[in-house]
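Everything below concerns the one structure shown next.
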Amino acid sequence: MEENVPLARHTTIGTGGPARFFARPESIAELLSALRWADERGVAVEVIGLGSNVLVHDDGVDALVLKLAGDLAAVDVQGEVLVAGGGATNAVALHRARAAGLGGFEFASAIPGTAGGGTRMNAGAYGREWKDVLIDAVVVDAHGVRTLSRDQLDLSYRHSALRRGQVVAQVRFRLEPSTPGAVKAYAAELLAQRKATQPTNKRTFGSVFKNPPGSPGAGRMIEECGLKGHRIGGALISPRHANFIENAGGATSADCIALMAEARRRVHERMGVTLEHEVQFLGPLELPAL
Ligand SMILES: Cc1cc2nc3c(=O)[nH]c(=O)nc-3n(C[C@H](O)[C@H](O)[C@H](O)COP(=O)(O)OP(=O)(O)OC[C@H]3O[C@@H](n4cnc5c(N)ncnc54)[C@H](O)[C@@H]3O)c2cc1C
């Protein structure tokens, strides 16, 4: 168990303070013992994947932060089923699927996360989401290990039934026969589409807000409020896509929160729509009431 580990380097936006406790369990047994250690001491538990959709408080997180490694980040192929550790990156999972000639996971090529983070968020792109390919997930908390079916996970748009302290240790995905060449070509096509519309070469945490149902999309709404390129401190509303915040150099999480609050206030004022944040907060972060 490490103490006071800086989390900024574990997030794609690169902001935030330290974790009070930090551990990298490599097996279910190690994960269980870390969770029980925290439970016995009344310490809260947070999990971080690639930190690609999180914002960490600048003063840090008073919790045990877990980052899955070893067996819990490995990927295996069994027939047409891809078995990924909760900490396995989407890039590695896709690589293994491609090598095995399995298609259906290409949509994840532009989502820079892990199997566990994708399950928690029901991540998706280009008309497909985790829900479409997930069979079940092994979920661990201080009370033990359970396998939850897709239905039990209750996956919907950027939502799952998973709660704080529940760790996705393994995910099984049902894929379909394809060829390595076809998988590679389709993933490359999706990545090119992504590069054309989003700030892929900047430090961001992906989508800031969820797209409200029936709306033109959070990005379009923020853009219509004239906020593209708006900057607070080191944080910038992406000139490329207004539902992204870029770390333009020296940004803090407080800068990001201030920008989010401004975008939310202006969209509410102008369009009467309340934007809900997609990015997950670690530590006592919150947006001011409207
Ligand atoms: C450039 C860019 C593009 C993106 N594009 C997309 C996109 O197209 N579609 C999309 O859906 N998202 C997108 N994202 C957001 C992000 O990549 C996804 O939400 C991703 O699934 C998060 O995975 P992660 O492992 O990085 O999770 P993190 O960001 O580390 O964590 C996200 C949440 O999941 C929880 N979590 C992480 N791992 C686990 C685990 N093992 N068990 C339980 N809970 C866990 C965390 O506690 C947190 O609540 C993008 C992000 C970036 C930076």
Side-chain angles (χ1 to χ4, degrees), residues 7 9-14 16 19 24-25 28 31 34-35 44-56 61 63-69 72-73 84-93 105-132 134 137-141 148 153 155-171 190-191 193-195 197-211 217 219 238 240-241 243-247 256 277-283 285:
L7 288 177
R9 63 168 183 251
H10 292 290
T11 68
T12 53
I13 186 82
R24 296 172 192 260
I28 298 241
L31 175 57
L35 289 165
V45 172
E46 298 280 3
V47 201
I48 200 158
L50 280 190
S52 61
N53 207 197
V54 293
L55 190 61
V56 176
V61 185
L64 165 63
V65 177
L66 299 171
K67 187 169 168 93
L68 308 185
L72 299 180
T89 64
N90 300 339
V92 168
F105 200 63
E106 296 90 334
F107 73 95
S109 62
I111 306 177
T114 61
T119 306
R120 165 71 184 76
M121 301 302 297
N122 187 30
Y126 302 108
R128 290 204 104 181
E129 50 191 12
W130 250 233
K131 186 181 181 185
D132 298 322
L134 185 145
V138 175
V139 176
V140 184
D141 62 20
L148 298 185
L153 287 163
L155 303 176
S156 61
Y157 175 58
R158 303 300 173 266
H159 166 273
S160 69
L162 292 167
R163 295 287 155 256
R164 280 205 156 82
Q166 290 188 301
V167 185
V168 176
Q170 188 184 78
V171 189
L190 295 181
L191 216 51
Q193 277 186 45
R194 181 58 66 110
K195 281 188 179 153
T197 54
Q198 293 181 8
T200 49
N201 59 348
K202 307 282 181 193
R203 301 203 74 163
T204 74
F205 46 68
S207 294
V208 180
F209 297 105
K210 294 183 185 181
N211 290 320
S238 174
R240 191 123 212 223
H241 190 306
N243 200 24
F244 284 76
I245 289 178
E246 297 177 9
N247 182 345
C256 298
H277 60 94
E278 177 171 324
V279 58
Q280 300 293 299
F281 295 156
L282 261 69
L285 288 171

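Indexing begins at 1, ligand by ligand and atom by atom, following the structure's order. Here the structure is a predicted model, which is why all the values come from computation and not from measurement.
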For Lys210, look at atom NZ and say whether over 12 heavy atoms of other residues, nucleotides or ligands are found less than 6.0 Å away.
yes
Could you go step by step and tell me if Met121 and Asn53 meet the side-chain contact (heavy atoms from CB on, under 4.5 Å) rule?
CA-CA 9 Å; Met121 301 302 297; Asn53 207 197; 3.2 Å; yes
Quick one: pull up CG in Asn247 and OG1 in Thr204 and give me the separation to the nearest 0.5 Å.
10.0 Å
Considering only the protein, which heavy-atom contact is closest to atom 49 (O) of ligand 1, and what is its distance?
Gln280 CG, 3.4 Å
Report the part of Gln166 in contact with ligand 1, treating N, CA, C, O as backbone and CB onward as side chain, heavy atoms under 4.0 Å; options are side chain, backbone, both, neither.
backbone
At a 4.0 Å threshold, what atoms of ligand 1 neighbour a non-hydrogen atom of Val54?
28 (P), 29 (O), 31 (O), 32 (C), 48 (C)
For atom 25 (O) of ligand 1, what's the nearest protein heavy-atom neighbour? Residue, atom name and distance, please.
Thr114 OG1, 2.6 Å
Using 0.5 Å steps for rounding, measure from the CG atom of Asn243 to the CD atom of Gln198.
9.0 Å
In the protein, what heavy atom is nearest to atom 34 (O) of ligand 1, and what distance, to one decimal place, separates them?
Arg120 CG, 3.2 Å
So, is Met121 polar-close to ligand 1, with some N/O to N/O distance under 3.5 Å?
no
Angle between ring planes, Phe281 versus His277, binned at 30° and 60°: parallel, tilted or perpendicular?
parallel
Got an N/O contact under 3.5 Å between Glu278 and ligand 1?
no
Taking the side chain as everything from C-beta on, heavy atoms only, tell me whether Thr114 gets closer than 4.5 Å to Val168.
no
Going by distance alone, is a donor N or O of one side chain under 3.5 Å from an acceptor N or O of the other, for Gln166 and Arg120?
no
Is a side-chain N or O of Asn122 found less than 3.5 angstrom from the main chain of Ser160, in a donor-acceptor match?
no
For ligand 1, find out whether one of its N or O atoms is nearer than 3.5 Å to an N or O atom of Ser52.
yes
Under 4.0 Å from a heavy atom of Thr204: which atoms of ligand 1 are those, numbered in the order shown and with their elements?
1 (C), 53 (C)
When only distance counts, is Gly51 in polar contact with ligand 1, meaning an N/O pair under 3.5 Å?
yes
Are Glu278 and Arg158 within salt-bridge range, i.e. N to O under 4.0 Å?
yes
Quick one: does Ser238's side chain have a donor or acceptor within less than 3.5 Å of a partner on Arg240's backbone?
yes
Could you walk me through whether Arg203 and Glu246 pass the side-chain contact (heavy atoms from CB on, under 4.5 Å) test, one step at a time?
CA-CA 6 Å; Arg203 301 203 74 163; Glu246 297 177 9; over 6 Å; no
Residue part near ligand 1, for Thr11, under 4.0 Å between non-hydrogen atoms:
neither
Quick note on ligand 1: atoms under 4.0 Å from a heavy atom of Gly118 include exactly 21 (O)
Would you say Arg158 touches ligand 1, if touching means a heavy atom closer than 4.0 Å?
yes
Does Thr200 come within less than 4.0 angstrom of ligand 1, counting non-hydrogen atoms of the residue?
no
Atoms of ligand 1 under 4.0 Å from any heavy atom of Gly124, numbered from 1 in the order shown, are 7 (C), 8 (O), 9 (N), 10 (C), 11 (O)
Could you find the nearest protein heavy atom to atom 12 (N) of ligand 1 and give me its residue, atom name and distance?
Ile111 CG2, 3.9 Å
Is there a polar contact, in the sense of an N or O pair closer than 3.5 Å, between Asn53 and ligand 1?
yes
Please determine which of Ile48, Leu7, Val54 meets the side-chain contact (heavy atoms from CB on, under 4.5 Å) test together with Val61.
Leu7
May I ask you to list the atoms of ligand 1 that are less than 4.0 angstrom from any heavy atom of Ala125?
8 (O)
Candidates Asn201, Thr12, Val47; heavy atom nearest atom 45 (C) of ligand 1 found on Val47
May I ask you to list the atoms of ligand 1 that are less than 4.0 angstrom from any heavy atom of Pro112?
2 (C), 3 (C), 4 (C), 17 (O), 50 (C), 51 (C), 52 (C), 53 (C)
Among protein heavy atoms, which sits nearest to atom 42 (N) of ligand 1, and what does the distance come to when rounded to 0.1 Å?
Val168 N, 2.8 Å
Heavy-atom nearest pair, Tyr157 first then Asn211, reads OH-N, 2.8 Å
Considering only non-hydrogen protein atoms, determine which one is nearest to atom 53 (C) of ligand 1 and report residue, atom name and distance to 0.1 Å.
Gly206 N, 3.3 Å
Which is it for Arg128 and Phe105 under the side-chain contact (heavy atoms from CB on, under 4.5 Å) test, yes or no, and what are the steps along the way?
CA-CA 9 Å; Arg128 290 204 104 181; Phe105 200 63; over 6 Å; no
Using a 4.0 Å cutoff against the non-hydrogen atoms of Arg194, which atoms of ligand 1 qualify?
3 (C), 4 (C), 5 (N), 6 (C), 7 (C), 8 (O)
Checking the N or O distance criterion of under 3.5 Å, is ligand 1 in contact with Val167?
no
Which residue holds the protein heavy atom closest to atom 30 (O) of ligand 1, what is that atom called, and what is the gap in Å?
Gly49 N, 2.7 Å
Atoms of ligand 1, numbered as shown, that sit under 4.0 Å from any heavy atom of Leu68
41 (N)
Between Ile28 and Val138, is the side-chain contact (heavy atoms from CB on, under 4.5 Å) condition met? List the steps.
CA-CA 10 Å; Ile28 298 241; Val138 175; 4.0 Å; yes
Considering Gly87, Gly117, Gly113, which one's heavy-atom position lies nearest to atom 37 (C) of ligand 1?
Gly117
